[in-house]
Colleague: 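Provided herewith is a single structure, encoded as structure tokens, for subsequent inquiry.
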Amino acid sequence: MKHRVLVVEDNQPNRELLCDWLEAEGFEPLGTDNLEQAYAAFKNRPPDAVLLDVQLGAEDGLSLATWIRREPELRHTPVIAVTAHAMVTDQERVIQTGCNACVSKPVDFKLLRKHLQQWLSVASVLRKQTPAAK
Ligand code: MN
């Protein structure tokens with residue numbers, strides 16, 4: 001079964017690039033360009049993982065990560081932040097909000113693949129250990 005990956009990125013070329021890459025890698029991508037769409041996607045059918053642009057225009061992408069970590073049913077969902085700047089302070093904030101990993105633009109796809117595989121397998125183990133959460 002294909003893993004569904006939600007891409008939250010307000011820059012269209014970047015979003016398409018990520019979605020095309022995910023599709024080529026055998027994932028089922030779903031692209032959204034703002035937080036409202038991202039929350040709607042979760043309500044509709046929670047994805048297996050999220051690629052999250054930190055800067056969504058005026059919106060703070062990381063607030064989505066904070067929300068996911070507080071939702072009992074969703075909290076194991078792997079969230080990988082995509083940041084425009086490889087600033088150390090940005091990376092700290094990314095990890096503090098509960099993202100599993102951080103990649104900076106331009107995206108190193110080899111690294112992204114490694115993070116996705118690693119955290120999807122961690123999430124599947126955690127889900128089995130906590131039957132209350134699906
Ligand atoms: Mn952006």
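Order of listing sets the numbers, starting from 1, for every ligand and every atom in it.
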Colleague: Could you tell me whether the side chain of Leu111 reaches within less than 4.5 Å of the side chain of Val103, counting heavy atoms only?
Modeller: yes

Colleague: Could you work out, with ring pair (Phe, Tyr, Trp, His ring centres under 6.0 Å) as the rule, every residue matching Trp119, not counting sequence neighbours?
Modeller: none

Colleague: Count up the protein N, O or S atoms sitting under 2.8 Å from the Mn ion (ligand 1), would you?
Modeller: 3

Colleague: Taking the six-membered ring for Trp, are His3 and Phe27 parallel (under 30°), tilted (30 to 60°) or perpendicular (over 60°)?
Modeller: tilted

Colleague: Is the shortest side-chain N to carboxylate O distance from Glu25 to Lys2 below 4.0 Å?
Modeller: no

Colleague: Should Leu22 and Glu28 count as side-chain neighbours, where that means a heavy-atom distance under 4.5 Å?
Modeller: no

Colleague: May I ask you to say whether Arg15 pairs ionically with Asp53, meaning some side-chain N is under 4.0 Å from a carboxylate O?
Modeller: no

